[in-house]
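First comes the structure, then the notes that go with it.
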Amino acid sequence: MVDFSGHATDVAPLLLNARLTSTVDGHRAVVRITEVEAYGGMGEDPGSHAFRRMTPRNTTMFGPPGRAYVYFTYGMHFCLNVVTCEYGIAGAVLLRAGEIVEGLDVARSRRPGSRDRDLARGPARLTVALGVTGALDGVSLTATRSPLRLRPADPVALELIGTSARTGVAGPGAPTPWRFFLRDDPSVSPYRAAV
DNA sequence: CCGACGATTTCCT
DNA sequence: GGAAATCGTCGGT
């Protein structure tokens, strides 16, 4: 797990309670991850960006593991993933939500008007709170000098982890229960079924 | 708390 | 042409 290699579904629950540190524009903020979703490889997971083929957007998803896959969606939002690819199988874990545990002042200034609980409560909110944009696509999450550093925590007891279908995923991949979250944590985003 | 709606790029049919 | 790994705002309950 130190290099985040493995199948996305195996790595995803191990990222709960992990600490992600961002150092952007000279400001530091740390989030404790409370909600994630796993996305698989080409031909494997119909809900994944990597299902069809490699494109300019999803290239980072095809490896190596331990990097940030940042994509732009809905014409205005960035979302941050941990690349978990191994044995040529693309994979990534979407960081959906967390609690800001350091750099509250920085996160507040990036998301004015937000309640503290909501600062990183959602994948696009999390990237704004941490100052993450497409410019960080492909950066290492393990290098000492990286603007994004991810440190896993001790594994969370199974009974404290909730699972569900993935938010906003429609079609054949919709029922796959690859969303993982900390039960009863207020920073977990509200679940929304796909249209 | 909930549902409806618009913003606007990338990829797919 | 249309949906998408979304969010803030608006109005109602």
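Each chain gets a letter, A, B and so on, in the order its sequence line appears, and its residues count up from 1. Quick caveat: nothing in here was measured; it's all calculated off a predicted structure. Heavy atoms only: backbone and side chains are in, while hydrogens, waters and symmetry mates are out.
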Open item on the list: From OH of A/Tyr74 over to C1' of C/dG2, roughly how many Å is that when rounded to an integer?
Closed with: 12 Å
Open item on the list: Could you tell me how far apart A/Tyr71 (OH) and B/dT8 (P) are, to the nearest whole angstrom?
Closed with: 19 Å
Open item on the list: Please determine whether a side-chain nitrogen or oxygen atom of A/Arg57 lies at a distance below 4.0 Å from atom OP1 or OP2 of B/dT9.
Closed with: no
- [ ] Using only side-chain N and O atoms of A/Arg96, determine if any of them is under 4.0 Å from OP1 or OP2 of C/dT6.
- [x] yes
- [ ] Could you tell me the separation between the CZ atom of A/Phe72 and the P atom of C/dA4, rounded to a whole number of Å?
- [x] 18 Å
- [ ] Select from A/Ala170 and A/Arg192 the residue whose nearest nucleotide in DNA chain C is closer to the 5' end of that strand.
- [x] A/Ala170
- [ ] Tell me whether the OP1 or OP2 atom of B/dC12 has a side-chain N or O from A/Arg53 closer than 4.0 Å.
- [x] yes
- [ ] State, without any angle test, whether A/Ser164 and A/Arg179 hold a side-chain donor-acceptor pair at a distance under 3.5 Å.
- [x] yes
- [ ] Quickly work out the A/Tyr69 OH to B/dT10 P distance and round it to whole Å.
- [x] 12 Å
Open item on the list: Between C/dG8 and B/dT10, how many Å separate the two C1' atoms, rounded to a whole number?
Closed with: 22 Å
Task: Distance between C1' atoms of B/dC2 and C/dA5 (Å, rounded) - done: 23 Å
Task: Side-chain donor-acceptor contact under 3.5 Å, A/Glu35 with A/Ser189 - done: yes
Open item on the list: C/dA5, OP1 or OP2 - any side-chain N/O from A/His49 closer than 4.0 Å?
Closed with: yes
Open item on the list: Could you tell me how far apart A/Tyr39 (OH) and B/dC11 (P) are, to the nearest whole angstrom?
Closed with: 17 Å
Open item on the list: Distance check needed: C/dG8 P versus A/Leu119 CG, whole Å only.
Closed with: 10 Å
Open item on the list: Using whole Å, what does the distance between atom P of nucleotide B/dG6 and atom NE2 of A/His77 come to?
Closed with: 15 Å
- [ ] Tell which nucleotide pairs with C/dT6, taking only Watson-Crick or G-U wobble pairs whose two distances are both under 3.5 angstrom.
- [x] B/dA7
- [ ] Measure from the side-chain heavy atoms of A/Ser48 and tell me the nearest of B/dT13, B/dC11, C/dA5.
- [x] C/dA5
Open item on the list: Using the side-chain heavy atoms of A/Met76, tell me which of these nucleotides is nearest: B/dT8, C/dA5, B/dC12.
Closed with: B/dT8
Open item on the list: Can you see if the side chain of A/Thr55 gets near the phosphate of B/dC11 - specifically, an N or O under 4.0 Å from OP1 or OP2?
Closed with: yes
Open item on the list: What is the separation between atom CZ on A/Arg125 and atom C1' on C/dT6, rounded to the nearest whole Å?
Closed with: 9 Å
- [ ] Compute the ring centroids of A/His49 and A/Tyr71, then answer whether they are less than 6.0 Å apart.
- [x] yes
Open item on the list: I want to check one thing: is the phosphate of C/dG8, taken as OP1 and OP2, less than 4.0 Å away from some side-chain N or O of A/Arg111?
Closed with: yes
- [ ] Sort out for me which residue in A/Ile100, A/Val31, A/Leu126 forms a side-chain contact (heavy atoms from CB on, under 4.5 Å) with A/Leu119.
- [x] A/Ile100
Open item on the list: Is the positively charged end of A/Arg53 above the ring of A/Phe62, judged by distance under 6.0 angstrom from the centroid and angle within 45° of the axis?
Closed with: no
Open item on the list: The side chain of A/Ala124 is closest to which nucleotide in this list: C/dC7, B/dT13, C/dA5?
Closed with: C/dC7
Open item on the list: Is it the case that the side chains of A/Ser187 and A/Thr34 hold a donor-acceptor pair, with the cut-off being a distance below 3.5 Å and no angle test?
Closed with: yes
Open item on the list: At 4.0 Å (heavy atoms only), tell me whether A/Gly113 reaches a base, stays on the sugar-phosphate, or touches nothing.
Closed with: nothing
